[in-house]
Peer 1: 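Structure incoming, see below.
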Amino acid sequence: MKNVDIVVPCYNEEESLKDFYIETQKIFKTLPDYKFTYIFVNDGSKDQTLPMLEQMASFDKNIKYVSFSRNFGKEAAIYAGLQASTSELVCLIDADLQHPPALIPEMLAGIEEGYDCCAGRRVSRDGEPKIRSFFSRQFYKLINKMSDIDLVDGAVDFRVMNRAYVDAVLQLSERQRFSKGLFTWIGFDTKWIEFKNIERANGESKWSFFSLFKYAIDGVTSFSTVPLRFATVIGAIVSAVSFIYLIYVLVRAIFVGIDTPGYTTTIFSILFIGGIIILSCGILGEYIARIYKESKNRPVYIVKKTNVDDKNKTNF
Ligand code: UDP
Ligand code: MG
């Protein structure tokens, strides 16, 4: 008998929880060799998610929940769930049934084969706005070029992990967490299981275009320093070109004389160099902001209520 903790981040999921519970129970009944415990992480939901979790926990003793004092984001919820887990296998899954629980048996089989992690990979993006798919794909290309980690396109957070893998993820204690990158960074053997994108059954996606853009910047700045290098290289190129132009202007002034009109070139160079300086400051700023946030050393989340036994937990 192996114990499996099911970690479920939830933010305003009152409409999904019941279906999620029913669907997962159906699957778990077919797996008598495993004992499943839910760890729901209520990420500061504003709806009935917490009362529902409390009610569910009262009739199923295998339901644990950790409830945050406010919305800390999915990354924080994942971190809290993994920290609260104690069993030898941990399954991370979304509450909205976009991660099909029917894949869990296959994932567990993958672990039995000897893999440390068995994760889902979306092969189609049906039902997702075209523009969002386009930017996602570009983001993967960009981050893989710029960093020393290799993100798999379509890889989702849906996965079953063994204890060694989970402990490795937890060892990375950075505050601004980019799980997709952390999962890749730690190494280990991952088996990919492909599945077709499923549209959300209830409720709506919590991601706005702006929050995805922010997520992309977080991803790049946490795993790559190439943008800093980029600022240096652009600066060097512009300086070299300006220097050559300066010599040209000097030589011309000495031998041909000065021709007064120079408005276009002056305006052009002020704007061009000004633009590059501001861009470089922005890039620097992104990294300084990260250092600033990390150095404050604040906890990733604050727990307000939980029914998780806290004897062996230091965080809550
Ligand atoms: N989620 C969370 N905190 C947040 C946003 C989302 O815990 O601030 C949870 C959400 O309840 C769901 C999962 O993360 O279980 C994925 O969220 P969503 O479905 O909105 O994202 P998408 O599937 O569109 O990527
Ligand atoms: Mg979803």
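Count residues from 1 along the sequence. Note that ligands are numbered from 1 as they come in the structure, with each ligand's atoms numbered from 1 the same way.
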Peer 1: Could you list which atoms of ligand 1 come closer than 4.0 Å to a heavy atom of Cys10?
Peer 2: 7 (O), 11 (O)
Peer 1: Tell me whether Phe188 shares a hydrophobic cluster with Phe223, the cluster being built from Ile, Leu, Val, Met, Phe, Trp, Tyr side chains joined at under 4.5 Å.
Peer 2: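 Yes, same cluster.
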Peer 1: Please give the atom name: the N, O or S atom of Asp96 nearest to the Mg ion (ligand 2).
Peer 2: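 It is OD2, the N, O or S atom of Asp96 closest to the Mg ion (ligand 2).
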Peer 1: For Tyr38 and Phe20, take the angle between the two ring planes, folded into 0 to 90°, and tell me which bin it lands in: parallel under 30, tilted 30 to 60, perpendicular over 60.
Peer 2: perpendicular
Peer 1: For the 3.5 Å polar cut-off, considering only N or O atoms, please tell me whether Pro9 and ligand 1 meet it.
Peer 2: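 Min N/O separation from ligand 1 is below 3.5 Å for Pro9.
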Peer 1: Pick out which of Glu75, Gln83, Arg70 makes a side-chain hydrogen bond (donor to acceptor under 3.5 Å, both in side chains) with Tyr301.
Peer 2: Gln83
Peer 1: For a quick check under 3.5 Å, do Lys46 and Tyr11 share a side-chain donor-acceptor pair by atom type?
Peer 2: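 Yes, because at least one side-chain N or O of Lys46 sits under 3.5 Å from a partner of the opposite role on Tyr11.
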Peer 1: Using a heavy-atom cut-off of under 4.0 Å, does the side chain or the backbone of Asn12 touch ligand 1, or both, or neither?
Peer 2: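 No part of Asn12 comes within reach of ligand 1.
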Peer 1: Looking at Gly73, which atoms of ligand 1 are within less than 4.0 Å of one of its heavy atoms?
Peer 2: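 So the atoms of ligand 1 that pass are 3 (N), 8 (O).
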Peer 1: Tell me the closest heavy-atom pair linking Arg290 and Gln176, and the distance in Å.
Peer 2: O-NE2, 3.2 Å
Peer 1: Answer side chain, backbone, both or neither: which part of Asp94 comes under 4.0 Å from ligand 1, heavy atoms only.
Peer 2: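 The part of Asp94 near ligand 1 is both the backbone and the side chain.
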Peer 1: If you have a sec, work out which protein heavy atom is nearest atom 24 (O) of ligand 1 and how many Å separate them, to one decimal?
Peer 2: Ser205 OG, 2.7 Å
Peer 1: Give the numbers and elements of all ligand 1 atoms closer than 4.0 Å to a heavy atom of Asp43.
Peer 2: 2 (C), 3 (N), 4 (C), 7 (O), 8 (O)
Peer 1: Of the protein's non-hydrogen atoms, which lies at the shortest distance from atom 22 (P) of ligand 1, and what is that distance?
Peer 2: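 Looking only at protein heavy atoms, the one closest to atom 22 (P) of ligand 1 is Trp207 CD1, 3.7 Å.
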Peer 1: Is there a donor-acceptor pair under 3.5 Å between the side chain of Asp43 and the backbone N or O of Gly73?
Peer 2: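 The answer is yes, because a donor-acceptor pair under 3.5 Å joins these two groups.
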Peer 1: Counting only heavy atoms from other residues, nucleotides and ligands, does the tally under 6.0 Å from CH2 of Trp192 exceed 12?
Peer 2: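 Yes, the 6.0 Å shell around CH2 holds more than 12 heavy atoms from other groups.
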Peer 1: Can you give me the closest heavy-atom contact between Thr306 and Val308, atom names plus distance?
Peer 2: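 Heavy-atom minimum between the residues: OG1-N, 2.9 Å.
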Peer 1: Considering Asn71, Asp96, Leu17, Val41, which one's heavy-atom position lies nearest to atom 8 (O) of ligand 1?
Peer 2: Asn71
Peer 1: For atom 23 (O) of ligand 1, find the nearest protein heavy atom and state the residue, atom name and distance (0.1 Å precision).
Peer 2: Gln98 OE1, 2.7 Å
Peer 1: Can you tell me which residue and heavy atom of the protein come closest to atom 20 (O) of ligand 1, and the distance to 0.1 Å?
Peer 2: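 Looking only at protein heavy atoms, the one closest to atom 20 (O) of ligand 1 is Lys206 N, 2.6 Å.
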Peer 1: Can you tell me the protein heavy atom closest to atom 10 (C) of ligand 1 and the distance?
Peer 2: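 Answer for atom 10 (C) of ligand 1: Glu13 OE2, 3.2 Å.
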Peer 1: For atom 1 (N) of ligand 1, what is the nearest protein heavy atom, given as residue, atom name and distance?
Peer 2: Tyr11 CB, 3.8 Å
Peer 1: Does a donor on one side chain and an acceptor on the other come within less than 3.5 Å for Asp19 and Ser16?
Peer 2: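 Side chains of Asp19 and Ser16: no pair found under 3.5 Å.
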Peer 1: Under a 4.0 Å heavy-atom limit, does Lys74 contact ligand 1 with its side chain, its backbone, both, or neither?
Peer 2: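 Both backbone and side chain.
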Peer 1: Identify, for atom 18 (P) of ligand 1, the protein heavy atom at the shortest distance, and state residue, atom and that distance.
Peer 2: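 Of the protein heavy atoms, Arg200 NH2, 3.6 Å lies nearest.
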Peer 1: Regarding Ser87 and Asn3, is there a side-chain donor-to-acceptor distance under 3.5 Å anywhere?
Peer 2: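 Looking only at side-chain atoms, Asn3 and Ser87 do not form any donor-acceptor pair under 3.5 Å.
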